[in-house]
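What follows is a single structure, written as C-alpha cells, with notes after it.
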Amino acid sequence: MSSDEYPTDEPAVVTCGLPYANGDLHIGHLRGYTAADAYNRALGKLGQQTAYVCGSDMHGTPIAVGAEQDGVDPEDFAMAYHEQYEETFPKFNVDFDNYGHTHDATNTELTQSIVATLEEEGYVYEKEIKVAWDPEEDQPLPDRYVRGTCPYCGETARGDECDDGCGRHLEPGEIEDPESTITGNRAEYRDREHRFFAVSELSDYLTEFLDGLEGTSNARNQPREWIENGLQDWCITRDMDWGIDYPGAEDELVLYVWVDAPIEYISSTKQYTERVGADAYDWEQVWKPQATTEDGEPDAAASASENGEIIHVIGRDIIQHHTIFWPAMLEVAGYTAPRAVCATGFVTINGKGLSTSRNRAIWAHEYLDEGFHPDLLRYYLTTMGGFQQDLDFSWERFAERVNGELVGTVGNFFYRSLLFAARNFEGTPAVDVSDDVAARIDEAVDEFSTAVNEYDLRGASEAGVRLARFGNEYIQGHEPWKLEDGGDEQAQVIRDCVQVAKAVAVLMEPFMPEKAERAFAQLGADGDVHAVTLDAAREAPGAFPEPDELFEQVEDERVEELEAKLAEKVADAEDDADATDVDDAEDADAAETESDDSTEDDEGDVSDIEPLTEDRISFDDFQAMDLRVGRVEAAEPIEGADKLAKLDVDLGAETRTVVAGIKQLHDLEELPGTKVVVVANMEKNELFGVESNGMVLAAGEDADLLTTHGDSEPGTKVR
RNA sequence: AGCGGGAUGGGAUAGCCAGGAGAUUCCGGCGGGCUCAUAACCCGCAGAUCGGUAGUUCAAAUCUACCUCCCGCUACCA
C-alpha cells in the first residue's frame with residue numbers, strides 16, 4: 001500500500017465482506033455490497049486502476065448444521081445460496097470483476113499454501129483443548145451449540161457466554177450440565193489437539209499497522225483494546241468434515257472458516273487476473289510486495305509506495321477479523337497489508353436491527369418485486385448518512401429522498417435542460433461552455449475527488465447532487481424561455497446546462513450506474529459512462545432527441561401501502577418468540593443487530609424469553625415464601641453502585657430496608673408511595689455495606705416493579 | 001465492567017480528525033416568484049444557547065476532563 005492520493009500508479013482492489021452462504025440477502029447485506037461497488041466505481045472515475053472482487057463464504061458450522069437439517073450435502077447447501085447471490089448482485093448493478101467462493105480450487109490451494117507458510121515461519125503450534133462433544137452423534141459441538149447451567153449464577157446459559165444471566169464469558173468446559181442444542185443429547189468434553197496461530201507475537205506489528213490504516217475511524221480504534229489487553233493466540237482448526245482440510249491432518253481437522261474466508265479476497269483477485277491476463281490486471285502487483293531486500297525477502301518498509309492498494313469494505317461487526325487476524329496472517333505469509341478498512345454501520349428498520357430468522361427484514365427480492373429501480377435503493381443505502389453510522393430504512397424516507405433529490409433536483413434538471421436543448425438546438429448547442437460554468441463543474445469534480453480520498457461516499461454523491469441543484473438555479477436565473485428561441489444568448493445558457501447535465505451523469509455513475517448510462521444515452525454522449533474518467537465531465541456531449549424522464553415519483557399512497565406492509569411484518573417478527581439460539585446464530589451476519597427498544601415495549605426483549613421451566617414446585621414450596629404488599633417510603637441511590645438503590649419499605653408491621661437493583665431504571669424520587677410486592681422472608685444480605693432485609697419483585701431487565709391494582713394495605717399477604 | 005460509535009432547529013442528516021463571523025442539506029411550516037420542466041423549479045422567512053457540567057483558548061458543535069442516555073463489540077458462532 002501507499003499513502004499517496006488516489007489515483008496511484010499501482011492497481012487497487014476493493015472487496016466487500018463475503019456473504020455467508022446460508023440465507024437470503026436483505027437490504028442490510030446490500031448496504032455493504034453497494035457501498036463497495038460505488039467506491040470501486042468512484043476510484044475508477046479518478047483514473048485509478050482497480051478491481052472489485054468478492055466470493056461466497058461456504059464453510060463453517062452454521063452451514064454444516066443447516067445442511068444437516070435439510071438433509072443435504074453442505075457443498076450443495078452452500079452452493080445453492082452461492083448461485084442465488086451470483087444472480088442477485090447484477091440485479092442491483094453490483095458489478096464484481098470476479099466473484100468466486102471459498103470452496104473452489106483456487107482458494108483451497110492458496111489457503112493451504114498460506115497456512116503452510118505460517119507453519120514454516122514458526123507461528124503455528126499445537127495445543128490440547130477441551131471440545132464439547134455429542135457422544136451419540138459422535139459430533140463436536142462448537143460453543144453455541146451447547147447449552148447448560150452457568151456455574152456463576154445458575155442461569156441457563158450458552159456454551160460461550162452466560163447470555164441470560166450474569167453475562168460472563170465462559171471458557172469451554174466451564175458450563176455445567178451441558179447439552180447439545182441440536183439433538184438435546186447430553187454433551188461431554190473431549191481433549192483434542194488443535195492448532196494455534198501465534199497472533200500474540202505480532203502485537204507490535206499490528207499496532208504499527210493500525211497507526212497507518214486508512215478508512216473509517218472505528219476500524220482503527222476498536223481493535224486497539226484487544227492489543228493493549230494482550231492478544232490471545234488464535235485457534236485456527238475445527239473438529240469438522242466441512243471446510244478446507246488442515247494440511248497434514250486431513251482426516252481430523254479443517255481450518256477455521258475465518259482463516260480461509262479472507263483469503264478469498266486474494267483468490268478472487270487471482271482468478272480475475274487468470275481471466276483477463278496479467279497485462280490487464282496483475283493480482284501479484286496488488287497482493288505481493290514488489291520490492292525485495294538483497295536476500296530476496298519482501299521488504300515491507302521500502303516497498304510501501306510500490307505496492308497495490310487494498311481496500312476492504314466490511315460490516316462493523318467483523319472489524320476485529322480484518323484488523324487483527326487478517327493483517328497478522330498477511331504479514332507472516334509475506335503479503336501486502338490492506339491500506340484501508342471501511343466498516344459500515346448496520347441497517348435498521350424503525351431504529352431496530354434486522355433479523356433473518358424472525359423475518360424482520362426487507363429482502364432483496366422483495367424490493368425488486370415492488371417494482372422499484374435498483375439504483376434508487378443504491379442511492380439510499382450509499383448516501384444516507386455517514387459510512388460508519390447505522391442507517392435507518394423506512395419507505396417514507398426512501399420516497400422522500402427519491403422524490404426530493406432524484407426526481408426534483410437531478411431528474412428535473414436533466415429533463416428541462418435536455419428538452420429545451422433538443423427542441424431548439426437538436427442537442428448540444430455549438431458554442432463553448434462559459435467560464436463560470438466550467439469552473440463550477442471543476443469545483444464539483446474536485447469535491448468528488450477529495451471525498452473519494454477520504455472514503456466519504458456521501459460526500460462524493462453530494463458533489464453530483466449539488467451540481468444539479470446549481471444547474472436548476474442557473475437555468476432559473478437565466479430564464480432561457482424568455483430569450484429568443486435558437487438565438488445566441490439562449491444557445492449559451494442551454495449549452496452550459498447540457499454540460500452540467502453531463503457532468504452530473506459522470507459524477508452520479510458510481511451510485512446509480514444504470515441511470516447514468518441512460519442519461520449518457522439521452523445526451524448523445526460518446527463513450528461508456530462506466531469506463532470514462534472525470535475528464536468526461538468537461539467534454540461536450542452530442543446531438544440528441546427529446547429525452548424521457550429519468551426518475552419517477554413515488555406516490556404517497558404507495559408509501560402508505562408499503563409502510564403498512566412493513567409494519568405488519570415487523571409485528572409478526574415481534575410475535576415470533578420462537579427464535580432459538582441456533583436461529584440466532586444464523587442471524588449473526590454483517591448486517592444485523594439484535595436490539596430491542598425496551599422503553600417502548602412493555603414486554604422488553606421478546607426474543608430472549610426463557611423457556612418455561614418444567615421443574616414443578618409443590619404448593620408447600622410456594623407457601624414457604626412470605627410475599628407481602630409493601631409501600632415504598634423512601635428511596636435513595638447507593639453511592640458507588642451502578643444499579644443499586646436503598647429502599648425503605650412499609651410492610652405494615654414494620655418498615656424494612658431493602659436493597660434493589662433499580663437505581664437507573666426508575667426515577668427514585670417518584671418511588672415513595674408506590675406499592676410493591678416483597679419477599680419478606682428472603683435471607684438477609686449485605687450489599688455495598690447496606691443490609692438488605694427482603695427482596696422487591698420486579699420483571700425483566702427493565703426492573704418493571706410488581707404492584708397491586710386494588711387498595712391492599714401494606715403487610716397484606718400475597719397468595 | 002472495559003472498549004468503539006452516537007446524542008445538532010418539528011423529523012432526518014452534515015460539519016468535529018486539520019477550533020474562527022450563532023452552523024449543511026433534505027422533508028415539513030409560512031410568504032413570494034417563475035412557467036422550460038415530473039403539483040416540479042427558483043427566492044425569502046420562522047425555528048436549534050450543536051446531550052449535561054467544568055476547563056483550554058482572543059475564539060469551541062469542533063480540543064481536554066468528568067457525567068447522562070442510546071447502539072454495538074469483547075476472540076474455540078459466521
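Below, chains carry the letters A, B, ... as their sequence lines are ordered, and counting in each starts from 1. Everything numeric in this text was worked out from a predicted model, so none of it was measured.
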Options [options], nucleotide nearest the side-chain atoms of [X]:
{"X": "E405(A)", "options": "rA78(B), rC26(B), rG4(B)", "value": "rC26(B)"}
{"X": "Q553(A)", "options": "rA14(B), rU38(B), rA78(B)", "value": "rU38(B)"}
{"X": "Q476(A)", "options": "rA78(B), rC41(B), rA75(B)", "value": "rC41(B)"}
{"X": "W481(A)", "options": "rG5(B), rC36(B), rC76(B)", "value": "rC36(B)"}
{"X": "T61(A)", "options": "rA75(B), rC77(B), rA14(B)", "value": "rC77(B)"}
{"X": "H321(A)", "options": "rA78(B), rC36(B), rU38(B)", "value": "rA78(B)"}
{"X": "I475(A)", "options": "rC36(B), rA75(B), rC42(B)", "value": "rC36(B)"}
{"X": "N412(A)", "options": "rC34(B), rG5(B), rA40(B)", "value": "rA40(B)"}

**Message:** Between rA75(B) and W234(A), counting only base atoms on the nucleotide and side-chain atoms on the residue, is there a donor-acceptor pair under 3.5 Å?
**Reply:** no
**Prompt:** Under 6.0 Å between the ring centres of F197(A) and W258(A)?
**Reply:**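 They do not qualify: ring centres at least 6.0 Å apart.
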**Side-chain H-bond candidate by donor/acceptor type, R558(A) with Q553(A), under 3.5 Å** =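 No donor-acceptor contact under 3.5 Å links the two side chains.
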**Message:** Can you tell me the base-pairing partner of rA46(B)? Count Watson-Crick or G-U wobble geometry only, both distances below 3.5 Å, and say none if there is no partner.
**Reply:** none
